[in-house]
Amino acid sequence: MPELPEVELVARALERALHGQRIASAKLIRAGLAPDNTPQEFARALRGARVCEVGRRGKFIVVRFDGGQVLLTHLRMTGQFKMLRPSQPLPKHTHALFNLDDKSRLAFTDQRHFGLMKIARASELEQTKELRGLAPEPFSDDFTPDYLARVLARTRRMLKSVLLDQTKVTGLGNIYAAEALFLARVNPFVTAAALSRRRVPRLHRAILDVLCEAVSYVRARDVDLENLESNYFSGSGSGWRVYDREGEPCGGCGALVRRVAHAGRSTYFCPRCQRR
DNA sequence: ACCCTCACCTGCACGC
DNA sequence: TGCGTGCAGGTGAGGG
């Protein structure tokens with residue numbers, strides 16, 4: 001279910017739990033989780049490897065080991081890392097298990113089987129099909145209003161779907177895209193190239209603001225790998241501004257929030273604040 | 001080349 | 001209580 005802020009949260013929690021730890025053994029329980037590696041490769045690459053850093057690129061979690069291997073993980077909708085208590089049985093839908101040197105165990109569970117893992121060489125990381133082509137990190141110097149203007153000018157797709165395209169803007173998903181568009185008071189169904197020059201910086205600012213708000217909320221809390229869900233941001237407790245609020249009054253103008261579905265995804269927006 | 005729709009899974013909330 | 005339907009925060013393959 002995670003977008004950039006939630007992935008960031010998980011990466012931080014893993015960094016805390018794993019930094020400097022050695023993997024005694026790793027087991028790929030459902031082979032489809034890492035389709036580019038055999039379970040044997042998976043186990044061999046990680047056995048005895050020491051974690052030197054856990055980070056994030058887009059919505060990917062990047063675990064670096066001292067031997068030069070990297071474990072890439074995408075949580076997709078329902079992937080979760082869980083630290084297990086001693087003698088705790090494997091949770092339902094456990095698809096990979098990492099036994100650490102200190103006897104603690106880390107499970108990867110994934111109810112919907114959408115998540116992905118991959119073992120890669122650190123030197124080839126940027127060229128993997130997973131990371132190649134990802135847009136610049138929103139918080140990097142490369143993600144500027146000019147960059148966004150150039151990306152938007154080049155396409156006739158609707159704005160919302162461009163914001164969800166990880167090769168154009170990385171880190172946004174269905175919730176934060178809707179929230180950013182609302183903050184910027186921009187209509188989700190407008191053609192990207194048709195967005196006025198004046199509004200581009202506003203949208204850029206809004207993207208950073210919604211991500212920033214969520215990440216700082218996450219940062220301020222004690223990250224807990226055993227109860228990650230409780231750390232997930234959902235609009236600072238007050239709830240999202242428009243996401244999942246169909247029929248409720250918009251906090252800005254009181255008009256009723258609308259939900260429109262295409263291709264099986266919902267888009268929430270305020271018909272008055274976000275007029276075409 | 002671009003863009004949209006759907007499939008990939010399981011589970012949960014809802015209405016009958 | 002039980003079943004059937006629709007929905008879920010992601011993305012790639014496939015077709016138009």
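Residue numbering restarts at 1 for every chain, and letters A, B, ... go by the order of the sequence lines.
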C1' spacing across the pair C/dG6 / B/dC6, given as an integer number of angstrom: 16 Å
Span that lies between the P atom of B/dG11 and that of C/dG12, in whole angstrom: 24 Å
Euclidean distance for C1', C/dT11 against B/dC12 (whole angstrom): 23 Å
Any residue of residues 148-164 of chain A with a heavy atom less than 4.0 Å from an atom of DNA chain C: none
Check: A/Leu152 main-chain N/O paired with A/Thr155 side-chain donor or acceptor under 3.5 Å: no
Pairing of A/Arg205 and A/Asp209 as salt bridge, 4.0 angstrom limit: yes
For atom NZ of A/Lys168 and atom P of C/dT11, their distance in whole Å: 14 Å
Please write out the pairs of protein N or O atoms and N or O atoms of nucleotides 13-16 of chain C separated by less than 3.5 Å, giving the distance to one decimal.
none

Sugar-phosphate only, base, or nothing, as touched by A/Lys129 at under 4.0 Å among non-hydrogen atoms: nothing
Positional range of nucleotides in DNA chain B within the contact set of chain A, heavy-atom, under 4.0 Å: B/dC3 to B/dG11
Flag, side chain of A/Gln69 to backbone of A/Ala45, donor-acceptor distance under 3.5 Å: yes
More than 12 heavy atoms of other groups within 6.0 Å of A/Asp141 CG: no
Show the atom names and distances, to 0.1 Å, of all donor-acceptor pairs under 3.5 Å that link a side chain in residues 177-194 of chain A to residues at least two apart or in another chain.
from, atom 1, to, atom 2, distance (Å)
A/Glu179, OE1, A/Arg241, N, 2.9
A/Glu179, OE2, A/Arg241, N, 3.2
A/Glu179, OE2, A/Val242, N, 3.0
A/Glu179, OE2, A/Tyr243, N, 2.9
A/Asn187, OD1, A/Phe189, N, 2.8
A/Asn187, ND2, A/Gln274, O, 2.8

Of residues 107-116 of chain A, the positions that come close to DNA chain B - non-hydrogen atoms, cut-off under 4.0 Å: A/Gln111, A/Arg112, A/Phe114
Within residues 113-139 of chain A or reaching into it, pairs that qualify as ring pair (Phe, Tyr, Trp, His ring centres under 6.0 Å) - sequence neighbours excluded: A/His95-A/His113
A/Arg132/A/Glu126 ion pair, N-O < 4.0 Å: no
Spacing of A/Leu75 atom CG relative to C/dT11 atom P, expressed in whole Å: 10 Å
Residues in salt bridge (charged side-chain N to carboxylate O under 4.0 Å, His left out) contact with A/Arg64, at least two apart in sequence or another chain: A/Glu53
Rounded distance (Å) that lies between atom P of C/dC7 and atom NE2 of A/His262: 14 Å
Span that lies between the P atom of B/dC3 and that of C/dG9, in whole angstrom: 23 Å
Ion pair A/Lys59/A/Glu6, N-O distance below 4.0 Å: no
Within residues 48-68 of chain A or reaching into it, pairs that qualify as ring pair (Phe, Tyr, Trp, His ring centres under 6.0 Å) - sequence neighbours excluded: A/Phe60-A/His74
Atom pair distance, as rounded to whole Å: CG in A/Asp244 and P in C/dG6: 19 Å
Whole-Å distance separating the CZ atom of A/Arg265 from the C1' atom of C/dG9: 7 Å
Rounded interatomic separation in angstrom, taking CG from A/Leu172 and C1' from C/dT11: 15 Å
Salt bridge (Lys or Arg N to Asp or Glu O under 4.0 Å) pairs, two or more places apart, involving residues 250-266 of chain A: A/Glu246-A/Arg259
Close side-chain approach of A/Leu116 and A/Pro35, heavy atoms under 4.5 Å: yes
side-chain N/O A/Tyr176 vs C/dG9 OP1/OP2, d < 4.0 Å: no
OP1 or OP2 of C/dG10 under 4.0 Å from side-chain N/O of A/Gln166: no
Mutual orientation of the aromatic rings belonging to A/Trp240 and A/Tyr176 [parallel < 30°, tilted 30-60°, perpendicular > 60°]: perpendicular
For A/Asp110, all residues meeting salt bridge (charged side-chain N to carboxylate O under 4.0 Å, His left out), sequence neighbours excluded: none
Base-paired stems that DNA chain B participates in, counting runs of 3 or more Watson-Crick or G-U pairs under 3.5 Å: B:2-8 with C:10-16, B:10-16 with C:2-8
Sidechain-backbone polar pair: A/Gln166 side chain, A/Leu172 backbone, donor-acceptor under 3.5 Å: yes
Within residues 31-42 of chain A or reaching into it, pairs that qualify as salt bridge (Lys or Arg N to Asp or Glu O under 4.0 Å) - sequence neighbours excluded: A/Asp36-A/Lys118, A/Asp36-A/Lys129
Non-hydrogen side-chain atoms of A/Leu18 and A/Met83 separated by less than 4.5 Å: yes
